[in-house]
2 protein chains.
Amino acid sequence: MANQLNLSIDRSSPVPLYHQVVQGIESAIHTGLLPPGSRLDNEIDLAAQLNLSRPTMRKAMDELVRSGLLVRKRGVGTQVVSSQVRRPLELSSLYDDLTNNGSKPTTEVLSFSHIEADAPTREALQLPAGAKVYHFTRLRKVGGKPLALMENWVRDDITPIDEAQLAAQGLYAILRNGGVNFRLASQRIGAMVANDYQAPLLETEPGLALVTMERTAVDDTGRMVETGHHVYRADSYSFEMTLVQR
Amino acid sequence: MANQLNLSIDRSSPVPLYHQVVQGIESAIHTGLLPPGSRLDNEIDLAAQLNLSRPTMRKAMDELVRSGLLVRKRGVGTQVVSSQVRRPLELSSLYDDLTNNGSKPTTEVLSFSHIEADAPTREALQLPAGAKVYHFTRLRKVGGKPLALMENWVRDDITPIDEAQLAAQGLYAILRNGGVNFRLASQRIGAMVANDYQAPLLETEPGLALVTMERTAVDDTGRMVETGHHVYRADSYSFEMTLVQR
DNA sequence: TATGTTCTCTTGATAGGACATACTGCCTTT
DNA sequence: AAAGGCAGTATGTCCTATCAAGAGAACATA
């Protein structure tokens with residue numbers, strides 16, 4: 001036993017101690033220093049090894065358990081989850097996901113307008129009658145292959161948006177630069193078959209399978225910032241996630 | 001301000017205090033006692049009102065923030081998220097979800113066998129060569145309408161399974177009764193179009209959209225317990241979830 | 001030998017305190 | 001009147017302590 005994960009923590013760093021521990025254990029798992037199935041030292045010893053208190057150690061392990069990397073069992077111990085599980089679905093944009101994967105996505109803005117919100121949009125974004133929104137549709141390609149067709153509505157009282165920005169970067173990056181701190185999003189994932197409008201844009205045939213996603217995002221002030229309806233080619237995209245028992 | 005949510009906590013209950021607080025605030029939100037957008041008292045006052053320590057109060061609020069019901073902002077306070085957001089996707093079976101919704105699902109066992117696992121299954125469940133698994137396909141209906149077609153592989157060294165059980169209750173209930181404590185599951189959601197085998201079973205036409213899900217579940221000992229491939233009628237089912245910024 | 005009890009190890013829950021840091025609004029100063 | 005600084009307030013982080021409860025092994029007893 002006594003898996004010596006000799007990670008060092010920097011008490012002068014602005015990064016919280018528990019988060020440094022999270023990162024340290026994560027990388028130890030990914031580098032294979034902590035192989036799947038191995039048991040960690042108990043919380044008290046680990047805390048002592050790193051000169052931390054047990055609550056701080058526990059908080060770090062809480063996060064790792066929540067993210068699915070560790071499993072705990074009272075009276076027994078804590079061990080690394082056997083297989084490499086996927087990262088949980090996070091609040092990020094498709095653009096972020098792709099660039100993080102090393103791909104180079106391109107975006108084509110198919111339509112762009114600044115219009116008065118219709119009733120369904122007003123309800124989704126909780127806007128008063130007469131409020132205006134940005135409405136646009138984009139086509140995202142990776143390696144020249146079309147992947148997603150995205151239609152979004154964004155409230156206009158946050159930051160100005162124009163077509164050039166949308167072509168150059170992801171929507172979430174634009175909004176974050178505009179001062180939005182996203183807090184949560186609710187989304188629904190389903191399926192449909194490509195219709196005559198979608199098929200040629202996605203370079204597929206009508207009748208082929210598409211993954212659909214509807215999402216509404218909320219910022220830290222409780223405002224509904226953005227709502228959208230996206231479709232993805234089912235042969236190129238799926239949603240992976242890890243569910244953790246509470 | 002000073003939203004007096006007069007919930008009472010029972011210190012003699014085996015339910016942890018922080019969880020009683022979670023349930024209390026959840027119900028206060030759902031009953032409208034805490035309307036969307038309202039601010040809660042600060043953590044210290046709330047803890048004092050309930051005769052709890054701040055760590056306990058914080059732990060309760062942590063859960064509510066994680067589940068997307070509350071948003072916190074340093075220096076400002078904590079408020080109820082504006083709109084009713086969906087419950088996050090949890091580690092539960094379709095059967096549980098449906099019965100919790102008041103529906104009465106029925107299950108038809110289309111095939112059932114106890115066979116030697118093939119290579120892909122062995123890999124998914126991390127079984128040695130020659131290990132045996134239960135393999136079965138089920139058709140789930142709600143209100144007489146077919147909803148899902150499910151194919152599963154379950155390791156056989158946990159609890160015996162027979163056809164009659166599968167017809168009467170959900171797979172996860174059977175496994176839980178057999179002593180399995182689920183910890184996490186990784187799943188992938190995508191789309192496909194109904195083929196000639198699926199369409200008549202789901203009482204739809206070949207070429208209509210289906211939502212697909214592949215899932216592998218892990219128990220608290222790190223064993224891969226179950227893997228399966230499910231398809232759902234896209235017109236009757238979709239996955240809803242809430243993503244929370246960490 | 002089989003069974004039941006106890007002991008130990010580990011995680012789970014709770015308390016209470018101390019200091020850090022971010023946001024808001026007011027008040028002062030220019 | 002506008003800009004800057006300061007204080008108040010709330011959450012964020014971290015600590016020391018302590019008891020509870022589950023699991024499993026060791027041990028004693030019938």
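In what follows, chains are A, B, ... by sequence order, proteins preceding strands, each numbered from 1. All heavy atoms count here, side chains included; hydrogens, waters and symmetry mates do not.
When the ring pair (Phe, Tyr, Trp, His ring centres under 6.0 Å) test is applied to A:His114, the partners found at least two apart in sequence or on another chain are A:Tyr134. Scanning for salt bridge (charged side-chain N to carboxylate O under 4.0 Å, His left out) contacts around B:Arg74 gives an empty result, with sequence neighbours left out. Scanning for salt bridge (charged side-chain N to carboxylate O under 4.0 Å, His left out) contacts around A:Asp156 gives an empty result, with sequence neighbours left out. Annotation: side chain to side chain donor-acceptor pair (under 3.5 Å) contacts of A:Asn152 (sequence neighbours excluded): A:Arg138, A:Glu226, A:His230. Not counting sequence neighbours, A:Glu214 has no partner by the salt bridge (charged side-chain N to carboxylate O under 4.0 Å, His left out) test. Every residue two or more places apart in sequence or in another chain that forms a side chain to side chain contact (heavy atoms under 4.5 Å, CB included) with A:Val76 is listed here: A:Lys73. Checked against salt bridge (charged side-chain N to carboxylate O under 4.0 Å, His left out), B:Asp10 has no partners two or more places apart in sequence or in another chain.
Atom CE in B:Met57 sits about 14 Å away from atom P in D:dA10, given to the nearest Å. In this structure, B:Gln79 places its CD atom 11 Å from P of D:dT11, rounding to the nearest Å. Across the protein-nucleic acid pair, A:Leu46 atom CG and C:dC9 atom P stand 17 Å apart, rounded to whole Å. Atom pair B:Met61:CE and D:dA10:P shows a separation of 12 Å (rounding to whole Å applied). Whole-Å rounding puts the B:Tyr18 OH to C:dT14 P distance at 7 Å. In this entry the distance linking CD1 of A:Ile44 with C1' of C:dG12 reads 12 Å, nearest Å. Per the geometry, CD belonging to B:Gln20 stands 13 Å off C1' belonging to C:dT14, to the nearest Å. A:Leu40 places its CG atom 16 Å from the C1' atom of C:dC9, with the value rounded to the nearest Å.
A close approach under 4.0 Å does occur between a side-chain nitrogen or oxygen of A:Thr78 and OP1 or OP2 of C:dT11. Under 4.0 angstrom from either OP1 or OP2 of C:dA15 there lies at least one side-chain N or O belonging to B:Thr56. At the phosphate of C:dG12, OP1 or OP2 sits under 4.0 Å from a side-chain N or O atom of A:Arg72. Of the side-chain N and O atoms in B:Arg11, one or more sit less than 4.0 angstrom from OP1 or OP2 of C:dA15.
Between B:Ile9 and B:Leu50, the shortest heavy-atom distance links the atoms CD1-O, 3.3 Å.
Taking only side-chain atoms of B:Lys59, from C-beta outward, the nucleotide of C:dA13, C:dG16, C:dT14 with the closest atom is C:dA13.
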Hey, what are the protein-to-nucleotides 19-21 of chain D N/O distances that come in under 3.5 Å?
from	atom 1	to	atom 2	distance (Å)
D:dA21	O4'	A:Arg74	NH1	2.9
D:dA21	O3'	A:Arg74	NH1	3.4

Listing time: all N or O pairs from protein to nucleotides 25-27 of chain C that are below 3.5 Å?
none

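Mapped onto DNA chain D by nearest heavy atom, B:Lys73 and A:Leu52 fall at different nucleotides, with B:Lys73 at the one closer to the 5' end. Projected onto DNA chain D by closest heavy-atom contact, B:Glu43 and B:Pro55 fall at different nucleotides, the more 5' of which corresponds to B:Glu43.
At most 12 non-hydrogen atoms from other residues, nucleotides or ligands lie less than 6.0 angstrom from CD of A:Glu123.
Using modelled atom types and a 3.5 Å distance limit, the side chains of A:Thr78 and A:Arg72 yield no donor-acceptor pair.
As judged by a 4.0 angstrom heavy-atom cut-off over every strand, A:Pro16 is placed among residues touching the sugar-phosphate backbone only.
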